[in-house]
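Data first, discussion second: the structure below is written as structure tokens.
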Amino acid sequence: MSENLIDVVDNAGVVRLTISRPKALNALNSDVLAELERVLAELEARDDLRAVLITGAGEKSFVAGADIAEMRGKTPEEARAFARQALATFKRLETLPVPTVALVNGFCLGGGCELALACDWAVASDNAIFGQPEVLLGVIPGFGGTQRLPRRVGPAMAIDLCTTGRKIDANEALRIGLVNRVMPQSELEAYAEELTKQLGGNGPESVRAAKQAIHDGMDQDLDSALALETALFAFCFAGDEQTEGMSAFVEKRKPNF
């Protein structure tokens, strides 16, 4: 297995992961998934992690999908194992305690769209193309698309995309809530650098607490979720981070988290 399937760049705890199979448009095969899970497991154990950005090598493709050449001859049990490998990897990404952002350039189809859905939010270049075209191949999304997509864009739109297999451009992806921002391809790198600075400069414990409150609260009734928020809000006052942040505000200086 190549060690260069996932390029890792660490900028003071803001880690950028680049899936690097440009000749295959960064398609996900078993080796890519295994390497991504290994990298995510290492990040999961880090106390100094601030955020994770994930993208694909080159301007043509974020991830064009799962590797069809690898999947074509699989038996049902082999397909089940492949899907479970992807689901376990994406779950590691989804449950990281820090913000995760997909930087989508070019094709974001099938497994690539499912990878983006496992991130907290997505930013797309204006050349991005999204879709769940699995029905055109005689299958359905198997890496979480039938579950995460309706939670992001609503069930009607998810059924539309998953049953027609149609592709949508970045502007439609923005309109339906699949992505948060769209910008020219030439500006995506500068945005990534600015986002790195922004996420790296915020209070790390409060950022983690905010993500936990949202993710965990979504699965609870409102009263329970508000109690969770209150508990995490109070927890923020137990350490030095809140003292530094509020002192910096009063003293009109930049906080040193």
Side-chain angles (χ1 to χ4, degrees), residues 8 10-17 36-37 39-55 87-104 114-123 144 147-155 158 174 177-181 191-257:
V8 181
D10 188 344
N11 188 334
V14 180
V15 178
R16 181 167 175 173
L17 306 179
L36 180 57
E37 183 166 27
V39 171
L40 291 172
E42 292 178 356
L43 295 178
E44 199 174 63
R46 286 180 49 174
D47 292 332
D48 65 334
L49 190 65
R50 297 288 190 100
V52 174
L53 314 181
I54 188 162
T55 192
L87 288 172
T89 301
F90 290 5
K91 188 66 174 179
R92 277 195 184 275
L93 176 62
E94 184 176 49
T95 57
L96 283 174
V98 299
T100 56
V101 186
L103 302 173
V104 180
E114 290 166 304
L115 176 61
L117 286 166
C119 294
D120 293 321
W121 79 85
V123 177
Q147 303 308 309
R148 291 192 179 98
L149 186 60
R151 286 167 168 79
R152 183 74 61 89
V153 304
L174 178 65
L178 183 54
V179 302
N180 295 64
R181 295 178 182 83
Y191 173 82
E193 292 178 6
E194 181 59 32
L195 186 61
T196 295
K197 293 178 184 177
Q198 184 176 4
L199 292 172
N202 294 336
E205 292 303 322
S206 57
V207 168
R208 288 177 178 236
K211 176 170 177 174
Q212 182 185 348
I214 294 168
H215 272 255
D216 292 354
M218 289 290 290
D219 295 326
Q220 302 181 24
D221 63 83
L222 182 58
D223 286 343
S224 298
L226 290 172
L228 171 64
E229 179 186 84
T230 300
L232 289 168
F233 175 72
F235 172 77
C236 291
F237 286 76
D240 296 334
E241 190 171 299
Q242 169 266 334
T243 301
E244 168 61 14
M246 293 189 175
S247 295
F249 178 84
V250 172
E251 297 164 11
K252 296 181 171 54
R253 61 176 175 82
K254 186 176 180 178
N256 183 24
F257 293 124

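As a basis for the values below, the full set of heavy atoms in this structure was taken, side chains included, without hydrogen atoms, waters or symmetry mates. Note that the structure is predicted; figures quoted are calculated from it, not measured.
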Enumerate, atom names and distances included, each donor-acceptor pair closer than 3.5 Å involving a side-chain atom of residues 245-257, sequence neighbours excluded.
{"from": "S247", "atom 1": "OG", "to": "T243", "atom 2": "O", "distance (Å)": "2.7"}
{"from": "E251", "atom 1": "OE1", "to": "R253", "atom 2": "NE", "distance (Å)": "2.7"}
{"from": "E251", "atom 1": "OE1", "to": "R253", "atom 2": "NH2", "distance (Å)": "3.4"}
{"from": "R253", "atom 1": "NH1", "to": "E244", "atom 2": "OE2", "distance (Å)": "2.7"}
{"from": "R253", "atom 1": "NH2", "to": "E244", "atom 2": "OE1", "distance (Å)": "3.2"}

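- To the nearest 0.5 angstrom, E37 atom CD is 11.0 Å from L93 atom CG.
- Identified under the ring pair (Phe, Tyr, Trp, His ring centres under 6.0 Å) test for residues 198-235, with sequence neighbours left out: F233-F237.
- Rounding to the nearest 0.5 Å places OG1 of T89 at 9.5 Å from CG of L115.
- The side chain to side chain donor-acceptor pair (under 3.5 Å) search around E229 returns none, not counting sequence neighbours.
- Side chains of M218 and R151 form no contact here, defined as non-hydrogen atoms less than 4.5 Å apart.
- Side chains of L199 and V207 form no contact here, defined as non-hydrogen atoms less than 4.5 Å apart.
- Take V39 and apply the side-chain contact (heavy atoms from CB on, under 4.5 Å) test, not counting sequence neighbours, and it matches I6, V8, L17, E35, L43.
- For residues 196-215, the salt bridge (charged side-chain N to carboxylate O under 4.0 Å, His left out) pairs, not counting sequence neighbours, are D120-K211.
- Remark: of the listed residues T100, L103, V101, L36, L36 is the sole one forming a side-chain contact (heavy atoms from CB on, under 4.5 Å) with I54.
- In this structure, L228 and G217 approach most closely via the heavy-atom pair CD2-N, 3.8 Å.
- Remark: R46 pairs with D10, D48 by the salt bridge (charged side-chain N to carboxylate O under 4.0 Å, His left out) rule, at least two apart or across chains.
- A side-chain donor-acceptor contact under 3.5 Å links E241 to the backbone of S206.
- Across every non-hydrogen atom of L49 and G13, the tightest pair is CD1-O, 3.5 Å.
- Taking the side chain as every heavy atom from C-beta outward, R181 and V123 approach each other to under 4.5 Å.
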Report task. Carefully, step by step, assess V14 and R50 under the rule side chain to side chain contact (heavy atoms under 4.5 Å, CB included). Result -> CA-CA 5 Å; V14 180; R50 297 288 190 100; 3.8 Å; yes

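- With contacts defined as side-chain heavy-atom distances shorter than 4.5 Å, the pair R16/T196 does not qualify.
- Here the CG-SG distance, from L96 to C119, works out to 9.0 Å after rounding to the nearest 0.5 Å.
- Residue N180 qualifies as enclosed at atom CG: its count of foreign heavy atoms under 6.0 Å is above 12.
- Taking CG of L40 as the start and CD of E94 as the end, the distance is 12.0 Å to the nearest 0.5 Å.
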